[in-house]
Number of protein chains: 2
Amino acid sequence: MLPSETKEMKERIIDVAQGFVQTRGFNAFSYRDLAEQILIRTASIHYYFPKKDDLGLALIQRYRADFEGAIRNIDDAERSPKDRLSAYLKMFLDLSKGGARLCLFAVFSAELPTLSERIQDEVRIFYETNIDWLNDVVSEGRSAGFFSFSGESREVASAIFSFLEGEMLVRRVFPAEAHSPEIPPAIRLLLSWKG
Amino acid sequence: MLPSETKEMKERIIDVAQGFVQTRGFNAFSYRDLAEQILIRTASIHYYFPKKDDLGLALIQRYRADFEGAIRNIDDAERSPKDRLSAYLKMFLDLSKGGARLCLFAVFSAELPTLSERIQDEVRIFYETNIDWLNDVVSEGRSAGFFSFSGESREVASAIFSFLEGEMLVRRVFPAEAHSPEIPPAIRLLLSWKG
DNA sequence: GACAGCCTATCGATGCGCAGATAGACTGGT
DNA sequence: ACCAGTCTATCTGCGCATCGATAGGCTGTC
């Protein structure tokens with residue numbers, strides 16, 4: 001098999017693993033589950049990811065990179081804070097479309113004490129990246145008069161993130177509900193979002 | 001052994017199991033883990049809870065009952081909506097003291113597809129109980145002039161719950177941080193909480 | 001008030017299957 | 001001929017679960 005295909009296989013494994021993690025959690029899927037889905041043997045997965053922890057690490061690193069790419073894309077479009085935040089919220093909530101999948105942050109946080117230090121570190125970096133970015137958007141938006149709130153902008157950024165993570169847990173439990181609005185009313189209230 | 005001691009053993013098992021669930025998740029502890037902690041054999045645990053699912057169900061049913069008792073106690077004290085909400089928030093956030101333990105809702109939601117229907121049903125009831133109660137408090141508080149917000153009170157109730165669940169995940173990832181204020185600033189903002 | 005028969009709570013032993021993991025052989029492309 | 005990639009075969013340990021045994025309390029009836 002070609003080296004290029006090798007790379008694809010590694011990605012394919014991460015793809016499937018990510019699906020399992022987001023639906024069942026990291027501790028509730030096995031190399032056998034992956035192997036059956038991908039149609040290879042478990043030994044082949046061990047070739048790419050000797051330990052399950054290696055797979056977990058690769059998984060969250062890629063997830064983090066994807067996320068960072070996505071917010072860089074949002075910024076490159078150079079829209080207003082309102083539009084940037086809208087795009088972020090959409091991305092975030094689309095992720096849990098129908099409640100089928102959770103953000104990796106939620107899953108890994110729920111299982112945190114069972115995970116290795118290096119994975120826990122990645123989880124922390126993921127959080128900080130998101131809060132830093134949200135903080136920028138929110139404080140810029142306030143300066144520009146789009147948003148209005150009192151107190152620390154970082155506090156609001158952190159509240160938005162917590163709300164989104166919790167909201168995903170809730171949507172999973174009530175998948176039938178129509179969670180339609182682009183911008184959750186709670187966030188409009190929090191920011192005194194105009195328009 | 002006396003029947004009264006039997007009851008204690010059942011409770012003791014649930015106590016220890018709940019600790020494991022709140023720290024590791026339901027899929028990441030075993031009857032062996034419980035047995036070692038309690039100093040009995042796994043077979044004895046099966047005597048009380050034939051299947052692990054039976055244990056999980058007993059666990060969340062007791063948790064739900066405890067929670068309902070707690071909010072009934074808050075209501076019985078007949079304080080203002082502000083005081084009732086404060087007490088609720090305190091209870092909720094104390095639960096995750098230092099991020100060591102998560103609310104069962106967060107844990108079970110993260111693992112939802114791996115759990116039995118009857119446990120999933122309990123999770124839904126837990127959510128609805130909390131939202132109904134929060135909705136009462138929040139809308140009463142608005143009528144009484146303590147809170148001020150536009151839109152549906154149920155939307156705000158649901159936002160508070162989502163925020164709290166997400167906040168627990170975050171606190172677990174950053175246990176060092178000082179999460180001091182009795183009332184999270186985000187909730188003050190959301191409700192235009194005066195005082 | 002004694003004894004039979006049942007109930008409670010625990011145990012040791014064991015089954016069966018799956019978990020993650022490894023060693024070593026095969027294969028096909030360059 | 002080599003090497004990446006995949007396989008088969010196999011290991012050890014743990015997962016949940018069940019069985020049959022046992023020790024001792026509880027009960028009702030003669």
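Chain naming here is simple, since letters A, B, ... match the order of the sequence lines and numbering starts at 1 in each.
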Starting from C1' on D:dG15, measure out to CG on B:Asp53 and report it in whole angstrom.
-> 16 Å
Would a line drawn from the ring center of A:Phe108 to the ring center of A:Phe105 be shorter than 6.0 Å?
-> no
Heavy atoms under 4.0 Å, any strand shown: does A:Phe29 hit a base, just sugar-phosphate, or nothing?
-> sugar-phosphate
Can you tell which of C:dA21, D:dC16, D:dA4 lies closest to the side chain of A:His46?
-> C:dA21
Gap between atoms CZ and C1', on B:Phe26 and D:dG15 respectively (whole Å) | 13 Å
When the distance from CD1 of A:Ile40 to P of D:dA4 is rounded to whole Å, what number comes out?
-> 18 Å
Counting heavy atoms from C-beta on, name the nucleotide in C:dT22, D:dT6, D:dC19 closest to the side chain of A:Tyr48.
-> D:dT6
B:Arg32, nearest nucleotide to its side chain (from D:dC14, D:dA17, C:dA21) | D:dC14
In whole angstrom, what separates B:Tyr47's OH from D:dA21's C1'?
-> 15 Å
What integer distance in Å separates A:Leu55:CG from C:dA21:P?
-> 10 Å
Distance-only donor-acceptor check, side chains A:Ser30 and A:Asp33, under 3.5 Å = yes
Would you call the rings of B:Phe92 and B:Phe161 parallel, tilted or perpendicular if under 30° counts as parallel and over 60° as perpendicular?
-> perpendicular
Any donor-acceptor N/O pair, A:Gln61 side chain to A:Glu122 backbone, under 3.5 Å | no
Indicate whether OP1 or OP2 belonging to D:dG15 is found under 4.0 Å from a side-chain N or O atom of B:Ser30.
-> yes
For the side chain of A:Lys52, counting heavy atoms from C-beta on, which of C:dG20, D:dC16, C:dG12 is nearest?
-> C:dG20
Starting from P on C:dT27, measure out to CZ on A:Arg41 and report it in whole angstrom.
-> 15 Å
Tell me: CG of B:Asn27 to P of C:dA19, nearest whole Å?
-> 12 Å
Between D:dT18 (P) and B:Ile45 (CD1): distance, integer Å = 14 Å
The nucleotide from D:dT18, C:dT10, C:dA23 with an atom nearest the side chain of B:Ser44 is C:dT10
In terms of ring plane angle, is the pair B:Tyr63 and B:Phe67 parallel, tilted or perpendicular, where the classes change at 30° and 60°?
-> tilted
Considering only side-chain heavy atoms of A:Tyr31, which listed nucleotide, D:dC7, D:dC19, C:dA21, is closest?
-> C:dA21
The answer to which of A:Lys51 and B:Leu39 contacts DNA chain C further toward the 5' end, by nearest nucleotide, is B:Leu39
